[in-house]
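Written out below as structure tokens is the structure these notes cover.
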Amino acid sequence: MKQQLEALRVEALAQLDALSSQKEIEDFRIRMLGKKGELTALLRGMGSVPAEERPVIGQMVNELRQLLEEKLETKASVLASEAKNARLAAETIDVTLPGEQRTVGGLHPLNNVLEDLIDIFRSMGFDVVDGPEAETDYYNFEALNVPADHPARDMQDTFYLADNLLLRTQTSAAQIRTMENRKPPIRIICPGRVFRADEVDATHSPVFHQVEGLVVDKGITMCDLKGVLEQFAREIYGPQTKVKFRPSFFPFTEPSVEVDVSCSECGGEGCRVCKGTGWIEILGAGMVHPRVLSGCGIDPEEYSGFAFGIGLDRLTTTRHKISDIRLLFENDVRFLDQF
Ligand code: DAH
């Protein structure tokens with residue numbers, strides 16, 4: 001019996017050494033120490049052992065059981081920590097490796113300037129409204145005091161989509177739609193694309209951008225027009241900017257003006273940006289014609305207003321010293337990347 005025990009001990013320890021997974025450990029435990037295990041089977045043979053030897057054999061069996069249990073436990077924890085180390089090694093991240101380069105998009109310079117412009121007018125209490133690019137003759141011309149045979153139509157060569165449907169030549173159409181839908185006091189701007197049959201060159205494009213503005217309330221005067229537009233010009237071009245109002249003509253305003261700002265590049269000396277004049281024309285404006293007001297159901301005896309149309313492309317090219325308007329429409333990434 002002693003020899004059998006000794007042999008089992010040698011064999012068991014050898015097997016135990018070779019165990020290499022938690023599953024093998026569990027199988028071994030069952031095979032050796034389980035109810036039908038080898039050590040348990042040996043114990044059953046105790047019957048044939050002489051009574052005086054039984055305590056000794058019993059102790060040996062217990063010692064072997066204890067030894068195997070301890071070794072199994074150690075083995076299990078060694079295997080577990082090896083497995084953990086292997087996983088940590090496999091999951092190691094080298095934080096010193098260069099990262100993946102991701103290019104970040106940006107706003108188009110036109111949108112950039114437009115956002116600034118919207119901020120300026122919002123802070124003065126204006127709402128931003130939208131209008132359709134395909135317009136009827138009524139909204140684009142007639143309601144703006146440009147009847148069918150009016151010579152002002154020649155100022156704007158129009159793309160016609162159908163008999164009475166055209167691509168808007170000016171955002172001014174938004175004035176009419178707004179006055180039809182809102183009661184005074186009205187303070188809105190309407191940014192958008194406009195279209196004219198123009199040849200493409202460095203300063204002309206058949207598609208360009210305007211921002212229309214309209215204010216209608218009781219007691220609005222030319223002073224309000226001047227105050228709002230001077231404030232706008234100084235916020236866009238800087239506080240030192242000089243603003244000049246020149247008499248002009250638009251069918252839908254009376255009186256009408258064109259507004260120039262002193263060139264922010266040369267301070268009025270004359271340079272490439274202002275074509276040597278020292279001034280940059282940025283918008284047309286005027287007091288809303290009484291006929292336009294009454295056409296929209298607003299009594300010109302009670303209310304008055306001013307309107308303006310800002311050339312957004314001009315604002316953007318002068319602000320960023322862009323020499324050719326075409327660059328704004330070609331969307332060449334090498335150009336856009338610079339903003
Ligand atoms: N619609 C004009 C244009 O395209 C610009 C303009 C001038 C708009 C005077 C206005 C205005 O609202 O009052 O040239």
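Whatever order the structure lists ligands and atoms in, that order sets their numbers, starting from 1.
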Margin query: So for Arg196, does at least one of its heavy atoms come nearer than 4.0 angstrom to any atom of ligand 1?
Written below: yes
Checklist line | Numbering as shown, the atoms of ligand 1 that approach Ser172 to under 4.0 Å (heavy-atom distance) | finding: 1 (N), 8 (C)
Checklist line | Distance-only N or O hit between ligand 1 and Glu212, under 3.5 Å | finding: yes
Item checked: With sequence neighbours excluded, residues passing ring pair (Phe, Tyr, Trp, His ring centres under 6.0 Å) with Tyr139 -> none
Check: So which bit of Ala307 gets within less than 4.0 Å of ligand 1, heavy atoms only: side chain, backbone, both or neither?
Finding: both
Check: Which of the atoms in ligand 1, numbered in the order shown and given with their element, are less than 4.0 Å from a heavy-atom of Gly309?
Finding: 6 (C), 8 (C), 10 (C), 12 (O)
Check: Polar-atom distance check: Gly284 versus ligand 1, any N or O pair below 3.5 Å?
Finding: no
Notebook entry, point to check: Side chains of Asn140 and Thr169: is there a donor and an acceptor less than 3.5 Å apart?
Noted result: yes
Next item on the list: Find all atoms of ligand 1 within a distance of less than 4.0 Å from any non-hydrogen atom belonging to Gln210, and give their numbers and elements.
Entry: 3 (C), 4 (O)
Checklist line | Listed partners of His320 passing ring pair (Phe, Tyr, Trp, His ring centres under 6.0 Å), at least two apart | finding: Phe339
Next item on the list: Would you mind listing which atoms of ligand 1 come within a distance below 4.0 Å of any non-hydrogen atom of Gly286?
Entry: 13 (O)
Margin query: I'd like to know if Phe306 contacts ligand 1, where contact means a heavy-atom distance under 4.0 Å to any ligand atom.
Written below: no
Notebook entry, point to check: For Gln59, does the CD atom have more than 12 heavy-atom neighbours from other residues, nucleotides or ligands under 6.0 Å away?
Noted result: no
Next item on the list: Measure from the side-chain N and O atoms of Thr253 to the backbone N and O of Ser256, and report whether any donor-acceptor pair falls under 3.5 Å.
Entry: no
Margin query: Could you tell me, atom by atom, which parts of ligand 1 come under 4.0 Å of a heavy atom of Thr253?
Written below: 13 (O)
Notebook entry, point to check: So how far is it from Arg122 CZ to Leu117 CG, rounded to the nearest 0.5 Å?
Noted result: 11.0 Å
Item checked: Under 4.0 Å to a heavy atom of Phe308 - the qualifying atoms of ligand 1, by number -> 8 (C), 10 (C), 11 (C), 12 (O), 13 (O)
Note to self: Gln170 versus ligand 1: do any nitrogen or oxygen atoms come within less than 3.5 Å of each other?
What the structure shows: yes
Notebook entry, point to check: If we only count heavy atoms from C-beta on, is the Ile188 to Phe126 side-chain gap below 4.5 Å?
Noted result: no
Check: Charged N to carboxylate O under 4.0 angstrom, Glu265 versus Lys321?
Finding: yes
